[in-house]
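Notes for the one structure printed next.
Remember, it's a predicted structure, so these values are computed and weren't measured experimentally.
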Amino acid sequence: MFFRLPVVRFFNRVINRATVTVALVLLQIGWLLWAFFSLTAGKVWVNAGLNVLSLFITLYLVRKDENSDYKIIWLVLIGMMPLLGGALYLAFGNKAPAKRMRQRMQAVERQHTADLAQQPGQTDALDPASRGLSRYISEYGPYPAWKNSTAKYYPCGEAMYPDLLADLEKAERFIFLEFFIVRTGKMWKGVEDILVRKAAQGVDVRLIYDDFGSLLGLPSDFVVKMERAHIRCIPFNPVVPLVSLVMNHRDHRKIVVVDGNTAYTGGINLADEYINEEERFGYWKDAALRTEGAAVWNFTVMFLDHWNAFRPSEEDYAPFMPQAKSLPAQSDGVIQPYGDSPLDEEALAETVYLNIINQAQRYVYIYTPYFAVGETMLEALKAAAKRGVDVRLVLPGIPDKKLIFRLTRSYYVPLLRAGVRIYEFTPGFLHAKCYVSDDRAAVVGSINMDYRSLFLHFECGALLLYNSQVIALRDDVLRTLPECREVQLADCRTSLAGTLLDSVLRLLSPLM
């Protein structure tokens with residue numbers, strides 16, 4: 001690695017981890033290209049070979065069955081910069097994880113597909129549109145829909161945290177945790193103390209954390225410390241600079257499962273800014289969802305599939321099923337937790353979002369910290385607004401990543417002209433990832449509206465249909481809007497240089 005870790009720490013305070021990685025890899029690729037061309041300058045056969053390589057990558061992209069917007073951006077990059085564009089695609093664009101990782105994960109998922117079979121009668125009370133969306137997730141996820149479940153929506157991390165600690169304290173059989181970021185501090189200390197105590201009591205405690213996401217937040221002996229406390233631990237996709245470029249595929253999910261009866265998901269990681277114990281970009285607004293009952297099973301299987309792909313522990317998941325005595329007596333609509341991954345060509349998360357937008361009749365309110373989408377999503381939002389749907393995007397007012405914030409703003413003009421209303425959360429950074437529509441459907445999860453979340457990362461969310469927390473999320477948005485600045489078309493004037501920068505950022509958006 002060309003830079004020492006203290007320098008990386010410095011850059012991390014200025015720009016995000018993903019940008020640091022892109023910069024380091026680009027620098028290394030550039031250095032190698034410079035050395036290569038220095039040694040081979042003037043050799044016609046080298047240029048011919050490079051053009052043939054670019055042609056093969058282009059043909060591969062054309063025939064590949066995946067999102068056309070994603071393919072087009074890479075085709076343009078390769079056309080403009082044949083060698084560099086092809087190298088960037090091989091390093092960052094190919095959605096498939098490394099072969100060994102893919103094979104292990106897919107083998108476990110196939111082995112447990114039957115555990116996620118849709119049970120009859122769960123969606124009978126839904127309207128046809130909702131039933132169709134639910135059916136799509138259950139068949140192509142596959143993640144079943146469930147009655148006999150309840151949910152609780154949290155409008156911020158500090159509201160969720162006490163309930164999370166209380167549920168961890170109640171654990172009798174097992175605790176599963178899976179997070180993109182774990183960072184030492186007050187929030188993690190509160191969780192860790194309970195995990196250590198529960199593990200000592202014989203509770204099965206397991207933790208999966210993303211190695212890249214947590215790279216700068218944990219001590220080097222973290223895994224050893226956890227294992228000594230009988231907390232089994234997996235750092236997902238460990239970072240090995242210069243040896244592997246599969247850092248592109250991260251575990252961005254946020255999952256807590258307690259005894260198979262209670263689960264948490266949303267945008268909240270285990271770090272102090274998520275409960276506003278540390279101020280980084282003003283007030284940190286996030287969202288989470290607590291689920292009880294039958295629907296927790298989906299999260300349990302998601303976690304166990306990841307776990308057993310890398311640390312095989314059990315083939316039978318039955319002991320981890322929700323206990324019948326814990327199932328709610330009455331159902332609160334339908335809850336359908338689901339995951340999305342780059343292991344297949346099914347853009348599940350994006351399709352769920354598109355279905356909600358396309359089915360909306362009255363309104364669609366969206367929380368998202370990052371907005372970098374293709375034409376399909378852009379046109380869906382514009383078309384909904386043009387047919388009279390009240391479409392509102394709520395975005396950060398203080399960004400954590402300035403280049404991505406600039407990229408997000410490059411979409412404002414076409415959206416505003418179509419009638420979409422855009423709000424920036426002025427007190428600080430909005431990190432929530434939520435959809436709510438027509439008092440009927442909502443999604444709370446880890447899924448951003450950018451290329452990385454929609455195509456490259458492992459993600460999760462929960463679809464709520466006719467659940468009381470759909471209204472709770474709607475009301476949270478309505479309470480948040482007065483704290484925001486509504487963007488007007490007149491606010492979006494930019495210079496020629498700014499327009500050119502926006503175009504370049506759009507072109508490079510898959511790398512951000």
Side-chain angles (χ1 to χ4, degrees), residues 149-171 175-183 185-188 190-191 194 207-210 213 251-258 261-278 283-293 295-296 298-300 302-303 332 335-339 349 365-369 394 396 425 428-436 442-448 453 458-464 467-477 479-480:
S149 305
T150 61
K152 180 179 180 180
Y153 170 77
Y154 298 94
C156 58
E158 56 268 34
M160 179 211 75
Y161 188 52
D163 284 2
L164 173 63
L165 296 181
D167 283 327
L168 294 175
E169 288 281 12
K170 296 174 186 175
I175 298 172
F176 298 156
L177 303 99
E178 183 175 344
F179 284 91
F180 179 59
I181 296 173
V182 178
R183 185 182 301 130
K186 180 178 178 179
M187 186 179 189
W188 169 244
V191 171
I194 298 173
L207 169 65
I208 301 173
Y209 67 92
D210 188 84
D251 184 355
H252 196 246
R253 308 194 307 192
K254 289 86 177 171
I255 297 173
V256 178
V257 180
V258 179
N261 303 321
T262 305
Y264 287 81
T265 194
I268 298 169
N269 285 294
L270 296 178
D272 284 355
E273 62 267 31
Y274 292 88
I275 56 172
N276 286 289
E277 283 293 325
E278 175 187 351
Y283 178 79
W284 192 288
K285 178 167 176 56
D286 220 313
L289 189 77
R290 178 183 186 272
T291 304
E292 280 191 284
V296 175
N298 292 21
F299 286 121
T300 304
M302 280 185 228
F303 179 92
D332 184 5
I335 303 176
Q336 192 164 12
Y338 62 93
Y365 300 154
I366 299 170
Y367 281 153
T368 185
V394 187
F425 180 67
F429 181 61
L430 181 136
H431 190 255
K433 308 98 165 45
C434 304
Y435 269 53
V436 61
V443 170
V444 180
S446 67
I447 308 158
N448 296 316
S453 266
F458 294 86
E459 302 280 4
C460 68
L463 174 67
L464 307 176
N467 181 279
S468 62
Q469 299 309 290
V470 173
I471 305 301
L473 173 53
R474 179 205 66 186
D475 291 345
D476 177 46
V477 175
R479 285 192 301 268
T480 301

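The side-chain heavy atoms of V296 and N261, taken from C-beta on, include no pair separated by under 4.5 Å. Looking only at side-chain heavy atoms (C-beta outward), C460 and I255 come within less than 4.5 Å of each other. Within the 4.5 Å cutoff, side-chain heavy atoms of V394 are placed close to those of L430. The shortest side-chain heavy-atom distance between Y264 and D163 falls under the 4.5 Å cut-off. A 4.5 Å side-chain heavy-atom check between T262 and T291 finds every atom pair outside the cut-off. The closest side-chain heavy-atom distance from Y154 to I268 is not below 4.5 Å. In this structure the side chain of M302 reaches within 4.5 angstrom of the side chain of P337, judged on heavy atoms. The shortest distance between side-chain heavy atoms of F180 and K254 falls below 4.5 Å.
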For Y338 and N298: C-alpha separation, side-chain torsions, deciding distance, then whether side-chain hydrogen bond (donor to acceptor under 3.5 Å, both in side chains) applies. CA-CA 7 Å; Y338 62 93; N298 292 21; over 6 Å; no
Could you walk me through whether D286 and K433 pass salt bridge (Lys or Arg N to Asp or Glu O under 4.0 Å), step by step? CA-CA 8 Å; D286 220 313; K433 308 98 165 45; 5.8 Å; no
If you apply the rule side-chain contact (heavy atoms from CB on, under 4.5 Å), what do you find for L289 with L464, and how did you get there? CA-CA 10 Å; L289 189 77; L464 307 176; 3.9 Å; yes
Derivation of the side-chain contact (heavy atoms from CB on, under 4.5 Å) call for Y435 and T368: CA-CA 9 Å; Y435 269 53; T368 185; over 6 Å; no
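Salt bridge status for E273 with R183: present, with a side-chain N to carboxylate O gap under 4.0 Å. Comment: K285 engages D476 in a salt bridge, judged by a side-chain N to carboxylate O separation of less than 4.0 angstrom.
Considering I447, D210, N448 in turn, N448 is the only one that fulfils the side-chain contact (heavy atoms from CB on, under 4.5 Å) rule with H252.
The two residues V191 and L177 come nearest to each other via the heavy atoms CG1-CD2, 4.1 Å. Across all their heavy atoms, V258 and D167 have their closest contact at CG1-O, 3.5 Å. The nearest pair of heavy atoms linking A271 to I181 is CB-CG2, 4.3 Å. The nearest pair of heavy atoms linking V477 to Y367 is CA-OH, 3.3 Å. Between Y161 and G190, the shortest heavy-atom contact is OH-CA, 3.3 Å.
Ring-centre distance between F176 and F303: below the 6.0 Å cut-off. Between H431 and Y274, the ring center distance clears the sub-6.0 Å criterion.
Atom-to-atom distance recorded for K152:NZ and S468:OG is 11.5 Å, nearest 0.5 angstrom. Rounding to the nearest 0.5 Å gives a distance of 4.5 Å between OG1 of T150 and CD of E292. Going from atom CG of D332 over to atom OG of S149 covers 9.5 Å, rounded to the nearest 0.5 Å. For the atom pair D272 CG and W188 CH2, the distance stands at 12.5 Å (nearest 0.5 Å). With values rounded to the nearest 0.5 angstrom, I175 atom CD1 is found 12.5 Å from K170 atom NZ. Expressed to the nearest 0.5 Å, how far CD1 of I275 lies from CE of M187 amounts to 5.5 Å.
Side chain of D251 to backbone of R253: a donor-acceptor contact under 3.5 angstrom is found.
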